[in-house]
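Taking it in order: structure first as structure tokens, then the write-up.
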Amino acid sequence: MTRRRGGLQWTATSVLLGLCCTACHGWQSVTTPAGPQASRLDGLFWIFTAICAAIWVLVLLVLAGAMMRKRPAGAPFPSERSEKCASIVVGGAVAVSALVIVGLTLFSYLATHGLASGTADPLVIRVRGYQWWWEVTYVDAAADRSFLTANEIHLPVGRPVRIELAAPDVIHSFWAPNLMGKQDLIPGRDNAITFIADRPGVYREQCAEFCGLQHAHMAMLIVAESPTSFAAWRANQLADAVASAGAVQEEGGRVFAAKACASCHTIRGTSASGTLGPDLTHVGSRQTIAAGMLPTTRGSLAAWIADPQTIKPGNNMPMVSLSGSELNAVSAYLAALK
Ligand code: CUA
């Protein structure tokens, strides 16, 4: 009885958690597609769900029928007739199952076959997955029009985007369900995925392949915006860092350059040129830090710098020894890097 009650409580909690997550993260869903590729996969999802649900109901009905069937008293079992009948039913069920599997495979093939159509002249973005963050490079034929950022992607609505994926450490998987299917990032192999966002919005992407302790905290936002807004964002990202917001920020810049921060992070336009951690040139303009974990505020930046191993145990960011005023200045400086 106790075990059953525990099971019921567990089920109720799971359902509530599921509803809560859907309410808060409804924007990360296969069933609200925001582009032609995602729409195709959404259609495929519903076809599979409908057919599999129908089969499930049918199987339960047959099972219920078999359980309720009564054998006349004294009748031999199995009789020659019941054997013959069972052979026909099983043979028929096998044939129908084979047909359903072939049909679903065909649907799947047709849906995924057309994913690459209409994606000529894409915007090329290179994404490298690290334990546990995303490096993002906007590639342009002109080297001075290419730039590096991290943990947030912006793209123009209506234009095909080709994401070229690589991983230097372990296997990750790139997945923004509102926009595309999944594609793995595999060390030693170059993969790519092409898609179009046809609705402006902010879509959540997350790593979909277990890649270590902080796999669940390896996410980023994809901001799809009008071509004009995207061009403005791109122009701002191309520029070097500007952080002359005040005396505290200037002091923060000096501390950042003098401490270990600068040996792991790059801030273009300053002496900080480390390449181990994310590029922070415009970190204040991003919506989140720590690969989607915290909103970008001065407070969360300070918390992250003060104790990154409590917030995200196992990540490669070491604790840098800073005084209270230094921490205050560095977090103000980074928050101002818009
Ligand atoms: Cu990267 Cu999971």
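Position 1 is the first residue of the sequence; numbering continues from there. Counting convention: from 1, in listed order, for ligands and their atoms alike. Any value given below was found using the heavy atoms of this structure, including those in side chains, with hydrogens, waters and symmetry copies removed. This one's a predicted model, so the numbers in the text were calculated from it and none came from an experiment.
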For this session: Determine the interplanar angle of the Phe256 and His265 rings, folded into 0 to 90°, and report it as parallel if under 30°, tilted if 30 to 60°, perpendicular if over 60°.
Result: tilted

Problem set entry | Close aromatic pair by centroid cut-off 6.0 Å: Phe230 and His154 | no

For this session: Start with the C-alpha gap between Phe147 and Trp233, add the side-chain angles, then the distance that decides, and say whether ring-ring contact (aromatic ring centres under 6.0 Å, His included) holds.
Result: CA-CA 12 Å; Phe147 64 91; Trp233 176 84; 5.8 Å; yes

For this session: State whether Ser173 contributes an N/O/S atom found under 2.8 Å from atom 1 (Cu) of ligand 1.
Result: no

For this session: Using the six-membered ring wherever Trp is involved, compare the ring planes of Phe174 and Trp134 and label them parallel, tilted or perpendicular (cut-offs 30° and 60°).
Result: perpendicular

Exercise. Does any N, O or S atom in Cys211 come within less than 2.8 Å of atom 1 (Cu) of ligand 1?
Worked result: yes

For this session: Return the name of the atom in His215, of element N, O or S, nearest to atom 2 (Cu) of ligand 1.
Result: ND1

Exercise. So, His282 and Asp279: side-chain donor and acceptor under 3.5 Å apart, yes or no?
Worked result: no

For this session: Could you check which N/O/S atom of Glu209 is closest to atom 2 (Cu) of ligand 1?
Result: O

Exercise. What's the atom name of the N, O or S in His172 nearest to atom 1 (Cu) of ligand 1?
Worked result: ND1

